[in-house]
Amino acid sequence: MGNDEKDVGIVNEQSVSSSSVDTQTTPLLGSEYSSTAIDVPKYADEFSSLPPSEARILRQQVLVPDITSGFFQMFRFATATDKFLYLIAIIAGILEGTAKPLMTLVFGYITQTFTDYYRFDPFNYGMYYNGTYTDKYFNGTYPMFNDTIYNSNETYYGLNRTEDYYENNSEFMQMYISPEEFQRRVNNFALFFLAIGIADIILSYIQMSIFIGRGEVLSSRIRENYLRATLKQNIGYFDKLGSGEITTRISADTLLIQDAISEKVGFIVSNVTTFFAAFALGFALSYKLTFIMLSVAVFILTTFFISSGKMTKYYKLALGGVSTGGTLAEEVLSSVRNVQAFGIQDRLALKYDKFLTISQKWALRAGIAAGAMSGTMWLGVFANDSLAFWQGSRFLARDELTISSVITILMAMVQGTYAISNISPHVRSITNGMAAASKIFQTVDRVSVIDSSLESGMRPETVRGDIELRDIKFIYPSRPNVTVLDHFSLKIPAGKTVALVGASGSGKSTIVGLLERFYLPLAGQIFLDGVDLNDINIKWLRSMVALVSQEPTLFSCSIFENVAHGLIGTPYENASPAEKRDMVIEACKQANAMTFIDTLPEGLDTNVGERGFLMSGGQKQRIAIARAIVGNPKILLLDEATSALDTKSEGVVQEALDRAAKNRTTIVIAHRLSTIKDADCIVVMRKGTILEVGTHNELLAKQGEYYGLVEAQRIHKQKEEMIGALHNGSSSDSDATSSILDEKASLEKSDDTSDDNDTDALLGLSKTKTGKSASSVALSAGSGSEESASSKYGFFETVGFLIKLSGPENHFNIVGAFFSGILGLSYPALGLFYGRCIEALRSYPQDTEFMLREIDYFAGLFFMLSVVAFLSSIISLSLFAFAGQKLVRRIRLMTFRQMLRQDISFFDREENTTGSLISTLSRDAQAVEGLSGTTLGQLLSSMMIVVSSVTLALVIAWNLGLVTTACVPLLLSAGFYRFYILAQFQRKAQQSSEGTASYACEATAAIRTVAALTREEDVMQHYHADLQHEIEKGRATVHYSALLYGVAQGMVYLIMALTFWYGARFLKVREYNLFQFYVTFMAVVFGSQSAGIMFSFASDMGKAYQASQNIKQLLDLKPQIDTWSDDGDIPQNVKGEVEFSNVHFRYPTRPQVPVLRGLNLTIKPGQYVALVGSSGCGKSTTIGLLESFYSPLAGKIMLDGKDISLFNINEYRKQIALVSQEPTLYAGTIKENIQLGSSEPVTDEQIYAVCKQANIHDFIMSLPDGYDTLCGSKGALLSGGQKQRIAIARALIREPKILLLDEATSALDSESEKVVQAALDAAAKGRTTIAVAHRLSTIQKADVIFVFENGKVLESGTHQELLANKSKYYELVEMQALEATS
C-alpha cells in the first residue's frame, strides 16, 4: 500500500546520535521494557497531547504488554502427551540424580571396610592401634606386642599384655576382617557400583532423548504460535517494528528457548535431585553434621539466586541490542544495491556496531556475574570438604559417628554442592530462554485490536458494493501529531469506479487502508452496503476486496502459486487443481502477463524468487494484478496499480483493469491521470479533505485543482502537433517491435536452431568449436571457482581460525587459560589432601589426638584450596567473558561487513535471502559463544583436571593408575562422538531452519499483502509443514546423541567398580596403602567425572563448531568486484563520457537467459540521456552494469575512453550517484540519511541547498524536529514521494559527474514531479545524466533518447527526431498521450 498521505508530518522523536545511542531514547531502540529493550530511559507518552478517547484508540494499536516470562510459561504450548513425556523424563532425571548420593553411601561403607582391614597387618605380625606409628612404606616403625601370632585358621593368640588389650577392646577384635572376607566385601560393593552405572546409562538416555526431542517439538510450536500471533496483529503494530527484529525473534530467540527447555532442563533436574537426595541422606545419618554443613549450601544457593537474577536482567538487555541491530541490518541488506552504489558499507556497519556495543556491554556484565557465581560455588565445594573433615573428626572422636557415616556425609555434601555448582552454566541457558520467551510471548499474548483470526462478525450473503465513509477522522498511530483525515465523508456507489487523486500525503492510500481495516479511525464510521465495517467479519471483508498496491509484493514460490493466493477466502479456494490452473491462466491473460510467462522455461511453475526479485517491476505488477482479479472480487482497490508498467504494458493492463472494474465497485489511486480519465467519478484531495468531485471532463471544465494536475502531466504542445501530423500514418510498422523481451526471465532458444545462429551472427556473438556462445563459455569458466569456495574445514583449521579471529584478546585468553589451569589442578590437590585425611582417620580410635591434629592441618589446606579455586574461577571466567563478548561482537561486525562486500549476484541466489542472512548474522555469532566465555573456562579446567589427575595417579601408583586411566578414553570417546553427531545434526538442521526463518521473514515483511489476501492460515500451513519436516529429519540423531550421553554418564560408576575391585587386590596384600589408593581413585575417577561434565556442553560445542565453519566460509569468500580492494586506477579529471561497446550480459542466477545482446551506445560528457523501452528490455540492467554491480560477459563499458574494470571500484563509484525506482532510507534522522550521499563531511548549508533543489526543504522545516526528524525503519514514517525526494537530495549532495535516475520521479504526484523534474534538469547541467523512464513527459528534453528492444538499442535521437521516425518511440508516446474524453 502506498503511504503518500504520510508526508504531512512526523512524530516528534529524538534522533539517534553516534555519541548517545545508549543514553537517549528513541522509538527505534524502544523503552527498557519494550520488544527492543535497551537500557535507556523511557520516553514520555506520545499520545498525551490527544483527547483521552483518541489516545486510547491509538495506544491500543501500538502498545505491547509488558510480560515477564517464568520458567513454566515456556511450556505453555505443551499437550497432554508432551506433559506425560516430560513427566517420564523428569522421573528418569530424578532417579538418575539419586545415583550420586547412592554412590556416596556405598563409598562410605567401602571406606569403612578399608580402614577396618588396615588396622591389623598380618604380614608384620602386629596390629595398628597406636597413633604414634608412621606408615611402613615411609620407613616407619611399628611398636608390637609380645609374640602376637597369626595362623591360617584366622585365630588370634595374644600373650602377656595383649590378652589384657583384647579383654578391654573386644569391639576392636570384632572389626578385624580377613583378606578373603575383605576381597568378598569389596567385590559386592563393586557390583553395586556396576548396577548404579547401568541404571544411570538407561535413565540418562531416557531423560535426554525426551528432553531434546520434546524441546525441538515445543520450540517449533513456539515459532509457529509466534508467527501466527504476529500475522494477526493490526498493521499499526508493524509501523514501529522492523521485519529484521521478527526474524531475530523467530530464528535466534526461539533457539534460546529450545536450549532452555531441552537437555539443560535434564541437567538441572538431575543436579537438583542430587542436591536434595544428598542432604536427605546426610540428615538420615547425622542431622548435626548435616546442619552444620548446610550453612555452606545456603551460602551457595543465596549467591546462586542473586547472580542468576543479575544474569537474567543483563542478558535481556543484551538481547535488545542484538534485535534492534538486526532491524538495521535487515534494512541494509534488503537495499544492498543502494548501499554499494553510495559506498556507505562502512558507515552503516559502524552504525550497526553501536548496537552491538550495547549488547556487548550487558552480555559482559552477565558473564562477570556468571564468573562470580561459579567462583562462589567452587568456594563452597572445597569449603565443604574442609568443614566436613574438621567437624566430622570431632564427632568421630566423641563416638557420635562412624567413619562410614563421616565419609558418606562428606561425599554426599560434596556431591550435593558440586551438583549445584554444575547448574550454573545451564542456568544461563534457562535465563536466556526466559528473557527470550518474555519478548516472544509479548507478541503472542498481545490482543490485536483488529484480529483477522476471529470468527465473530457478520458475513452478508450478498454484496452490492456500496461504500460510505462518514465523518472520518484518522491519525496514524506512529505519527500521533499529524491528522491525516479530518471530518472526511465520501459515498461510492456500487459498481462504479471512483478515482482518488491529489498530492502526496493527501490521504488517498489511507482510505484504502481503512477499507481493508488495517487501521482504526478515531471518529466516524465506514459502511459497506449500509453495514458498519466494525460489525463485519474481518477475514470475510478482506476476501471480498482485492488490493493491488503501489509496490507489488510477491512471495517466494511459483507464478501459479502467487496468482492462486488470490483465490484464498473465495468460493474457488477449494476448487480442483485443474480448475484453479484454468482460472489462473485466464487471470494472467487479462493482466497481460501470459505474454512473458509463456516465454519462461517452466511457464507458470517458474519461481519468482524472494519478493519476486527474479521478475522485473512490470512483470511483478502484472502478476499482482492477475492475483487480484483471479477471485472475481466484489470490490477492487488499485493503489497505483500500473505505476511500474511501461507505457505499452500500461495501456493493455489498464484496458484489462477497466474490464475488471465493470459490475464491481472500484477505487483507483493514481498519479498518472491518463489511467483514470474514464472513471465514473474523480475525487480530488488535499491534506485529508475533498476539493473537487466530478468526471474527467467536468473537472477539466472547472479549470480548478484537477485541471492544474492535468496540465502538469500534459506532453509538450509540440508533441501533440507532431502526433496530429503523423496520425494518418499506419502504425503497423511498430507491430514487429511490439514483442516484449523479459529482462530477467526470457527464454533463450536452443543453440542448435538456425534462428539462433542467425541471431548470434547479427549480434556479433561468436561461437566456439563446441557450438557455445562466448557468453556461455565465460559463464562456465566462472562456475568452478564457486564450488571450491564451499569446501569444508577440518577441526584444527576451524579452531585455529577462531584463535586468530580473537587475536586482540588472546592475551586475556592466555591469562584466563592460566587461571583455568590452576582451577583444574584443584582435583589432584583434592586427591592428595583426601588421601592424607583417610590415613589420619585410620588411627581412630587408638590415637584420637593424632587424628584430630592431622585433620585440622589438612582441613586448613582444603580451605586454602577453596579460596584459590574461588579467585581462579572468577578471574578466568571474567576474562573469558570479556574476550568472548569481544569475539561475538567482532564476528557479527565482520560477518555483516563481509556480506556487504559481496557482489550483487551473491544476494541474487536463493540461499542468500535477506531473512537467511539476518538469521545467520544473529545465530552464528551467538553460537560461537559455545567455544568461548563460560563454556571455554569449564572446558579448559576440565581438560587440566584430566591431564593432571592421570599424571598424579601414574606417579603415585603406576599399575593401578594404568588400569583406571585406560578407562578414561572410553568416557572421552563417548562424549566426543556425541559432539560429532551433534555437529552433523547442526549442519543438516541449519539449512532447514534457515529456510523456515526466511519464510517467516518474507511473510512478516509483506504483512499488508498477507493480510489483504487473508493468507494468514495458508502461511501457517506451509510453515507448520516445514517445521515438521525439520523435526522428523533430526529425530534419529536425537536418540543417538542421548544414548552416547548416557554411556558417558554411566561410565564413571563402571570405572569406580573396576577401580575398587582391582585396587582391592593390591590393598589385600599391602602392595599399596590407603593413601596411594585414595589419591589414585580421587584423582582419576573424580577427574573423569569432571571431564564428563565437559560433554554436557557438547550441544553448544556442536553449534559453535558448525557456526565457526559457516563464518569462516563466508569470510573466505572473495567477490569478483571487491570494494575492499585498493587495486585499480583512480579516475582523474572525469569528464563523464560513457560508452557501451558490444556488451553481452546474463544474470548469474539465470545464465540461460540473455539480457543484453551486443549493446552499443555512446554518451558524451554533459549530455542528458534517456533510456526507454518495454519492461524487461535491459534498461535497469544497463544502469546496474554502469554502477559495476555486475561484470559484462563480453564487451566493454568505458568511462572517458577507459575500461571501468580498470578503475578502483570505490573511487569509480564516487563519480556516480544513483536514484532508484524504489527509494531506500535507513533508520535515523533525515539529515543522517542525506549525509550518507557524500563520502566527505558536509555542512548544514549544503544539505539545505540540495533539499531545496529536491523540493523537500520546506516540508522538512515544517516538521517539529526539522532535519532531526526520524525517518523510521526503511523510512516507514515518510510517504513514497517524500522518501524519493530525500533520495534525490542524497544523490545531489554527492556532486556526481554521472547522475543515474532509474525512474527517479515515478513515486511523485504530478505537482511534485513538475518541480522535482525542473530541479533534476537543473542538476543535470555540467554532468552526464542517464535517466530510465516510463513517463515520457519527464525525458522529452533529453539530449539523446535511446530506445531499447531485445537487449540492444533499436533507435536513438531527440524527442522530435524519434517522433518523426514514427517507430517504437512514436508508439510509446502516442499511447501515453492524455486527451479529454469526448
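Atoms considered below: every heavy atom in the structure, side chains included; atoms not considered: hydrogens, waters and symmetry mates.
For the pairing with Leu638, the side chain to side chain contact (heavy atoms under 4.5 Å, CB included) check across Ile625, Ile676, Val548, Leu547 returns one residue only, Val548. A side chain to side chain contact (heavy atoms under 4.5 Å, CB included) with Pro521 holds for exactly one of Thr510, Ile472, Ile57, Leu469; it is Ile472.
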*For salt bridge (charged side-chain N to carboxylate O under 4.0 Å, His left out), just list the numbers for Arg228 and Glu1017, CA-CA rounded to whole Å, side-chain angles, deciding distance to a tenth of an Å, and then say yes or no.*
CA-CA 8 Å; Arg228 187 184 300 279; Glu1017 197 55 43; 3.3 Å; yes

*Apply side chain to side chain contact (heavy atoms under 4.5 Å, CB included) to the pair Val332 and Tyr352, showing each step before the final yes or no.*
CA-CA 10 Å; Val332 174; Tyr352 176 63; over 6 Å; no

*Determine, stepwise, if the pair Asp535 / Leu533 fulfils side chain to side chain contact (heavy atoms under 4.5 Å, CB included).*
CA-CA 5 Å; Asp535 298 330; Leu533 287 192; over 6 Å; no

*Can you check side chain to side chain contact (heavy atoms under 4.5 Å, CB included) on Lys491 and Glu468, steps first, answer last?*
CA-CA 4 Å; Lys491 287 186 178 181; Glu468 181 183 359; 3.5 Å; yes

*Apply side chain to side chain contact (heavy atoms under 4.5 Å, CB included) to the pair Ile536 and Trp540, showing each step before the final yes or no.*
CA-CA 8 Å; Ile536 297 176; Trp540 179 90; 3.4 Å; yes

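In this structure, Thr666 contributes its side chain and Thr497 its backbone to no donor-acceptor pair below 3.5 Å. Looking at Asn537, its side chain does come within 3.5 Å of a backbone N or O of Ser456 through a donor-acceptor pair. In this structure a side-chain-to-backbone donor-acceptor pair under 3.5 Å is present from Ser489 to Asp471. Judged by distance alone, with hydrogens and angles left aside, the side-chain atoms of Lys508 form a donor-acceptor pair with the main-chain N or O of Gly502 at under 3.5 Å. Under a 3.5 Å cut-off, the side chain of Arg446 and the backbone N or O of Leu63 do form a donor-acceptor pair. Side-chain atoms of Asn1233 do not come within 3.5 Å of backbone N or O of Arg1290 as any donor-acceptor pair. For Ser448 (side chain) and Ile450 (main-chain N/O), a donor-acceptor pair under 3.5 Å exists by modelled atom type.
Side-chain N/O atoms of Thr230 and Tyr237 include no donor and acceptor closer than 3.5 Å. Side chains of Thr1229 and Asp1268: no donor on one and acceptor on the other come within 3.5 Å. Residues Tyr1226 and Ser335 bring a donor and an acceptor atom of their side chains to less than 3.5 Å of each other.
Under the 4.0 Å criterion applied to side-chain N and carboxylate O atoms, Glu516 and Arg1008 are not assigned as salt-bridge partners. Ion pairing of Lys232 with Glu1016 is absent here, as no side-chain N (NZ or NE/NH1/NH2) approaches a carboxylate O to less than 4.0 Å. Between Lys1231 and Asp1244, at least one side-chain nitrogen of the basic residue sits less than 4.0 Å from a carboxylate oxygen of the acidic one, meeting the salt-bridge criterion.
Atom CD1 of residue Ile1260 and atom CD1 of residue Ile1247 lie 9.5 Å apart, to the nearest 0.5 angstrom. With rounding to the nearest 0.5 angstrom, the CG atom of Leu522 is 8.0 Å from the OG atom of Ser53. Expressed to the nearest 0.5 Å, how far NZ of Lys1283 lies from CD1 of Ile1230 amounts to 12.5 Å. Taken to the nearest 0.5 Å, the CD1 atom of Ile667 stands 9.5 Å off from the CG atom of Leu636.
Proximity of the aromatic rings of Phe488 and Phe474 is defined here by a centroid distance below 6.0 angstrom, and this criterion is not met.
The number of heavy-atom neighbours closer than 6.0 Å to NZ of Lys539, taken from other residues, nucleotides and ligands shown, is above 12. Environment of NZ in Lys473: crowded, with over 12 heavy atoms of neighbouring residues, nucleotides or ligands closer than 6.0 Å.
Applying the side-chain contact (heavy atoms from CB on, under 4.5 Å) test to Asp529 and every residue at least two apart in sequence or in another chain returns Val463, Arg464, Asp466. By the side-chain hydrogen bond (donor to acceptor under 3.5 Å, both in side chains) test, Glu692 is found to be paired with no residue, residues two or more places apart in sequence or in another chain being considered.
A perpendicular orientation is assigned to the rings of Phe555 and His565, their planes being inclined by more than 60° (bins at 30° and 60°).
Arg627 is listed as a side-chain neighbour of Leu554, based on a closest heavy-atom distance under 4.5 Å. Residues Ile1234 and Leu1236 form no side-chain contact, since every pair of their non-hydrogen atoms from C-beta on lies 4.5 Å or further apart.
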